[in-house]
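Here's the structure we're looking at; comments come further down.
Order of the sequence lines sets the chain letters (A, B, ...), proteins ahead of strands, with each chain counted from 1. It should be emphasised that the depicted structure is a prediction, and the values quoted were computed from it without experimental measurement.
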There are 2 protein chains.
Amino acid sequence: MEDTRDGSERAPLAAADRAYEFTRELIVSGRLSGGELISEGEIAERVGVSRTPVREAFLRLQAEELLRLFPKRGAVVVPLAPGEGEDVLEIREAIECLAVRRLLRLDDDDLARVVERLRETLRAQSGPARRLDTPAFARADQAFHLAIVAASGNALAERFYGSLGDRQLRMAAQALHPRPERLEVLVHEHGALVDAIAQRDVARFEEALRAHLDATHRALAAARRP
Amino acid sequence: MEDTRDGSERAPLAAADRAYEFTRELIVSGRLSGGELISEGEIAERVGVSRTPVREAFLRLQAEELLRLFPKRGAVVVPLAPGEGEDVLEIREAIECLAVRRLLRLDDDDLARVVERLRETLRAQSGPARRLDTPAFARADQAFHLAIVAASGNALAERFYGSLGDRQLRMAAQALHPRPERLEVLVHEHGALVDAIAQRDVARFEEALRAHLDATHRALAAARRP
DNA sequence: TGTGTCTCTCTTGTATCTATGATGGTGGGA
DNA sequence: TCCCACCATCATAGATACAAGAGAGACACA
């Protein structure tokens with residue numbers, strides 16, 4: 001009843017999914033950078049499947065704006081647009097604040113449960129932060145923010161927010177690395193966000209989130225223009 | 001250099017695009033309602049193409065959350081979730097307000113140009129509103145709101161907002177119809193939104209937008225529970 | 001040397017074919 | 001009568017075959 005595209009790996013991942021993961025990883029990790037051209041055949045060969053599932057993967061990646069397909073010519077990796085970091089951060093801020101305003105419509109019990117879940121994801125960040133394990137931290141960070149949005153119950157927002165994650169990862173792969181000393185600070189800032197939610201203080205949440213994202217954004221900008 | 005998926009119809013639309021348009025229309029227009037099952041073969045036959053391009057169309061529709069594919073079983077039209085109207089409206093509000101806050105960072109000349117463009121789309125609404133041409137109005141309405149977001153220059157937001165349009169159309173097809181007398185009111189409210197932008201009054205814009213969407217939402221809810 | 005054209009190759013778009021999983025109905029047994 | 005196993009059917013997943021568009025580069029000519 002459940003399909004195989006949900007990330008749970010009990011089944012030996014369908015060919016299309018393998019092709020998708022493979023290509024997505026190539027892009028998100030930065031090994032394939034913006035403007036680079038790839039062909040279905042090439043990926044098909046490397047993954048060991050026919051072109052059909054690769055085509056499906058490419059279509060998915062195009063839907064996620066990571067790839068752009070040019071008819072009869074090939075696929076190019078969509079380059080990170082100049083203002084994209086700012087774009088992503090603004091949308092994240094808007095959606096997360098929306099989510100929190102919605103969260104606060106929950107009654108105390110439900111909110112407490114949400115807060116508890118968030119604190120769990122917080123704890124999951126400490127390890128990677130202390131180990132300066134940037135990739136793991138990036139995943140945990142993403143999971144944390146997504147958890148806030150998911151808790152709000154707006155499925156549309158959640159899905160969109162999730163798709164922003166890939167773009168974020170792609171940028172983070174370049175940007176977070178140079179500043180691993182910030183990881184613990186980020187965990188702390190996340191804690192403050194949860195506190196604000198727990199205390200039903202929207203204004204404080206919004207302010208803290210803005211500061212948090214501003215700092216991330218500044219880190220990005222700083223890393224990009226050294 | 002331009003691909004054939006951009007809606008310009010000089011070329012005899014690719015098979016995949018025809019299949020996509022056909023199926024999307026079926027869903028958005030409500031002729032195919034939530035939960036209904038369709039198969040690639042069925043659409044392939046009706047459109048007169050093979051299953052391959054239909055498959056591509058289905059994948060695109062799945063990416064847009066209009067269709068859900070179940071491996072080896074078929075595709076079901078994603079039903080309108082109970083709270084979805086509210087979800088969409090909240091996101092629209094958040095993104096549009098974000099867009100306007102960003103618009104107001106433009107200098108006076110640029111802002112004036114944006115306002116002029118918006119007023120043009122306003123004029124395009126009057127005709128359909130007077131004629132009580134609901135489908136045409138729905139398109140114009142969508143174009144208006146999208147224009148605000150597009151003008152902000154956040155490409156990500158624009159794309160996402162656009163994708164909300166289909167869902168909105170789908171709901172509007174059911175909801176706006178019963179209240180054609182509201183169309184002219186909506187045009188008027190749109191005018192107020194533009195005025196707020198022109199006067200750089202964010203607070204007023206946000207308030208007016210909320211009222212505008214609330215009214216739409218109430219109209220929806222009223223239409224759904226008669 | 002510069003330019004226009006022509007072809008050759010690469011890549012996608014579509015069709016078709018095969019394999020396999022899912023489902024629902026049927027019939028036998030408890 | 002009810003339940004379970006089996007099988008026919010159907011739909012997709014993936015592979016392969018084929019056609020056609022787009023570009024790069026060779027080549028002829030001015």
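If you check residues 35-48 of chain B against DNA chain D, the residues with a heavy atom closer than 4.0 Å are B:S39, B:E40, B:G41, listed by number.
Taking atom CD of B:Q62 as the reference point, atom P of D:dT12 lies 13 Å away to the nearest angstrom. Taking atom CZ of residue A:F70 and atom P of nucleotide D:dA22, one finds them 13 Å apart after rounding to whole Å. Rounded to whole Å, atom P of C:dT14 lies 8 Å from atom CZ of B:R18. B:Y20 has its OH atom 16 Å from the P atom of C:dG13, to the nearest Å. The CZ atom of A:R73 sits 15 Å away from the C1' atom of C:dT9 (whole-angstrom rounding). Atom pair B:R68:CZ and D:dT12:P shows a separation of 15 Å (rounding to whole Å applied). The CG-P distance, from B:L69 to D:dC10, rounds to 20 Å in whole Å.
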Provide a list of protein-nucleic acid N or O atom pairs under 3.5 angstrom, restricted to nucleotides 16-19 of chain C.
| unit_1 | atom_1 | unit_2 | atom_2 | d |
| --- | --- | --- | --- | --- |
| C:dT16 | O4 | B:T52 | OG1 | 3.3 |

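With a 4.5 Å cut-off on side-chain heavy atoms, A:L61 and A:L69 do not count as touching. B:H190 places a side-chain heavy atom less than 4.5 Å from the side chain of B:D141.
Projected onto DNA chain C by closest heavy-atom contact, B:P53 and A:A75 fall at different nucleotides, the more 5' of which corresponds to A:A75. Closest-nucleotide positions on DNA chain D for B:G74 and A:V49 were compared, and the one nearer the 5' end corresponds to B:G74.
Judged by distance alone, the side chain of B:E86 and the main-chain N or O of B:G83 form no donor-acceptor pair under 3.5 Å.
Atom CD of B:E45 is surrounded by 12 or fewer heavy atoms from other residues, nucleotides or ligands within 6.0 Å.
Every residue was checked against the side chain to side chain donor-acceptor pair (under 3.5 Å) condition with A:N154, not counting sequence neighbours, and none meets it. Under the side chain to side chain donor-acceptor pair (under 3.5 Å) criterion, B:R102 pairs with A:D87, A:E90, not counting sequence neighbours. B:E40 is linked by a side chain to side chain donor-acceptor pair (under 3.5 Å) to B:R51, B:R55, counting only residues two or more places apart in sequence or in another chain. Judged as a side chain to side chain donor-acceptor pair (under 3.5 Å), and not counting sequence neighbours, B:S126 has no contacts.
Taking 4.0 Å as the cut-off between side-chain N and carboxylate O, A:R60 and A:E64 do not count as a salt-bridged pair.
Between B:R55 and D:dA13 there is a side-chain polar atom (N or O) within less than 4.0 angstrom of OP1 or OP2.
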